[in-house]
J.: 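There's a structure below that I have some questions on.
The first residue in the sequence is number 1, and the count goes up from there.
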Amino acid sequence: MTAVNPQRLVDLVNDLLKQGEVSWVEFKRDNADPEMIGVRVSAISNAARLAGQQTGYMLWGIDDATRAIVGTTINPDAQKVGNQVFPFWLAQQLVPSIAFQFHTIQHPAGQVVLMEIPAATSAPVAFKGIAYIRIGSATPKLTDYPDRYQALLSALRPYAWEHGIAL
């Protein structure tokens with residue numbers, strides 16, 4: 001893994017705070033519930049693709065209502081689910097597997113943990129066999145919203161053959 005410029009991460013946090021919470025960005029204070037995170041990762045990955053973003057984000061240490069940095073002590077690499085470290089457990093629950101990354105950032109206003117979540121590329125990302133989507137701050141099952149499901153499938157198709165030229 002390549003080293004990430006710490007100032008780039010601070011700038012990214014600042015940009016995301018200005019952006020606010022959208023379908024592909026979520027702020028949390030300290031909620032480290034593995035199930036909640038898995039559902040949100042699925043939803044954010046799928047929502048990022050629908051929004052035309054390459055990456056979605058989940059940030060801890062941010063007050064959801066005020067967008068103020070309050071700091072966090074969450075450490076994903078030290079958290080365990082059963083006997084497995086959290087990142088490994090989460091990677092096993094996501095299909096298709098995506099190369100998410102956690103970054104601990106020493107922001108001038110307090111410690112922030114940022115999770116970079118790649119947008120879905122080949123199929124909707126599912127957590128424990130269920131694909132989710134973000135609609136506002138809600139995280140429903142993708143299959144409950146057939147129009148969004150179809151829009152996501154269209155966004156995942158790299159090339160529509162019916163628009164090509166036949167020989």
J.: Which atoms form the tightest heavy-atom contact between Arg49 and Ala119, and what is the distance?
T.: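 The answer is NH2-CB, 3.5 Å.
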
J.: So do the side chains of Leu90 and Phe127 get within less than 4.5 Å of each other, counting heavy atoms only?
T.: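 SC-SC contact between Leu90 and Phe127 confirmed.
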
J.: Compare all side-chain heavy atoms of Phe27 with those of Ile69 and state whether any distance is below 4.5 angstrom.
T.: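 The answer is no, as the side chains (C-beta and beyond) never meet within the 4.5 Å cut-off.
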
J.: With the side chain counted from C-beta on, respond yes when Ile117 and Val125 share a heavy-atom pair under 4.5 Å apart, and no when they do not.
T.: no

J.: Using the test ring-ring contact (aromatic ring centres under 6.0 Å, His included), find all partners of Phe100 that sit at least two apart in sequence or belong to another chain.
T.: Phe102

J.: Has the side chain of Ser154 got a donor or acceptor atom that lies under 3.5 Å from a matching backbone atom of Gln150?
T.: yes

J.: Quick one, Ile37 and Lys28 - any side-chain contact, counting heavy atoms below 4.5 Å?
T.: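 No. Closest side-chain heavy atoms not under 4.5 Å.
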
J.: Are Val39 and Lys128 close enough, and set up right, to give a side chain to side chain contact (heavy atoms under 4.5 Å, CB included), and what steps lead you there?
T.: CA-CA 9 Å; Val39 168; Lys128 291 189 170 181; over 6 Å; no

J.: Which value, rounded to the nearest 0.5 Å, describes the distance between Glu116 atom CD and Leu12 atom CG?
T.: 6.5 Å

J.: Apply side chain to side chain contact (heavy atoms under 4.5 Å, CB included) to Gln111 and Thr104, showing your working.
T.: CA-CA 7 Å; Gln111 182 169 288; Thr104 300; 3.6 Å; yes

J.: Strictly by modelled atom types, are Gln7 and Asp11 linked by a side-chain donor-acceptor pair under 3.5 Å?
T.: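 Gln7 vs Asp11: donor-acceptor pair found between side chains.
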
J.: Between Leu142 and Tyr132, is there a side-chain heavy-atom distance shorter than 4.5 Å?
T.: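 Side chain of Tyr132 against side chain of Leu142, heavy atoms only: no contact under 4.5 Å found.
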
J.: Determine yes or no for a side-chain-to-main-chain donor-acceptor pair under 3.5 angstrom, with Ser45 supplying the side chain and Ala120 the backbone.
T.: yes

J.: Using a side-chain heavy atom cutoff under 4.5 Å and only I, L, V, M, F, W and Y, what cluster partners does Val95 have?
T.: none

J.: What are the two closest heavy atoms between Gln79 and Pro34, and how far apart are they?
T.: NE2-CG, 3.6 Å

J.: Are Leu9 and Val25 connected into the same hydrophobic cluster when the rule is that any two of I, L, V, M, F, W, Y join if their side-chain heavy atoms are below 4.5 Å apart?
T.: yes

J.: Trp60, Val70: one ILVMFWY side-chain cluster at the under-4.5 Å cut-off?
T.: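 They do not share one cluster, since no chain of ILVMFWY contacts under 4.5 Å joins Trp60 to Val70.
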
J.: State, with a plain yes or no, whether a side-chain heavy atom of Pro140 is found less than 4.5 Å away from one of Ile135.
T.: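 A side-chain contact under 4.5 Å exists here.
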
J.: Can Val41 be reached from Phe88 by stepping across I, L, V, M, F, W or Y side chains whose heavy atoms are under 4.5 Å apart?
T.: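 No; Val41 is not reachable from Phe88 via cluster members.
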
J.: Of all heavy-atom pairs between Lys80 and Asn83, which one has the smallest distance, and what is that distance?
T.: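 Between these two residues, the closest heavy atoms are NZ-O, 4.0 Å.
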
J.: Give, for atom CE of Met115 and atom CD of Gln101, the distance between the pair rounded to the nearest 0.5 Å.
T.: 10.0 Å

J.: Drop me the distance from Arg67's CZ to Lys18's NZ, to the nearest 0.5 angstrom.
T.: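 Arg67 atom CZ to Lys18 atom NZ measures 11.5 Å (nearest 0.5 Å).
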
J.: Quick check: closest heavy atoms across Gly56 and Ala48, and the distance to 0.1 Å?
T.: N-CB, 4.1 Å

J.: Just by modelled atom types, is the Thr55 backbone N or O under 3.5 Å from a matching donor or acceptor in the Trp24 side chain?
T.: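 The answer is no, because no donor-acceptor pair under 3.5 Å joins these two groups.
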
J.: Quick check for you: to the nearest 0.5 Å, what is the distance between His107 atom NE2 and Asn14 atom CG?
T.: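 Interatomic distance, His107 NE2 to Asn14 CG, rounded to 0.5 Å: 3.5 Å.
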
J.: Between CG of Leu59 and CD1 of Ile105, what distance do you get to the nearest 0.5 Å?
T.: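 That separation rounds to 7.0 Å.
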
J.: If you look at every heavy atom in Asn31 and Asp33, which pair is closest and at what distance?
T.: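 Closest approach of Asn31 to Asp33: OD1-N, 3.0 Å.
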
J.: How long is the gap from CD1 on Ile74 to CG on Asp30, to the nearest 0.5 Å?
T.: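 Ile74 atom CD1 to Asp30 atom CG measures 4.5 Å (nearest 0.5 Å).
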
J.: Is there a side-chain contact between Thr139 and Ile44, using heavy atoms and a 4.5 Å cut-off?
T.: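 Of all side-chain heavy-atom pairs linking Ile44 with Thr139, none is under 4.5 Å.
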
J.: Looking at side-chain heavy atoms only, is the closest gap between Leu50 and Ile133 below 4.5 Å?
T.: yes

J.: Run the side chain to side chain contact (heavy atoms under 4.5 Å, CB included) test on Arg29 and Asp63 for me, step by step, so that the C-alpha distance in whole Å, both residues' side-chain angles and the decisive distance to 0.1 Å come before the verdict.
T.: CA-CA 5 Å; Arg29 196 177 258 272; Asp63 182 85; 2.8 Å; yes

J.: If I compare all heavy atoms of Pro76 with all of Val113, which pair ends up nearest, and what's the gap?
T.: CG-CG1, 4.0 Å

J.: Side-chain heavy atoms under 4.5 angstrom apart, residues restricted to Ile, Leu, Val, Met, Phe, Trp, Tyr: same cluster for Ile98 and Leu156?
T.: no

J.: Hydrophobic clustering (ILVMFWY, side-chain heavy atoms < 4.5 Å, transitive) - are Ile130 and Tyr145 grouped together?
T.: no

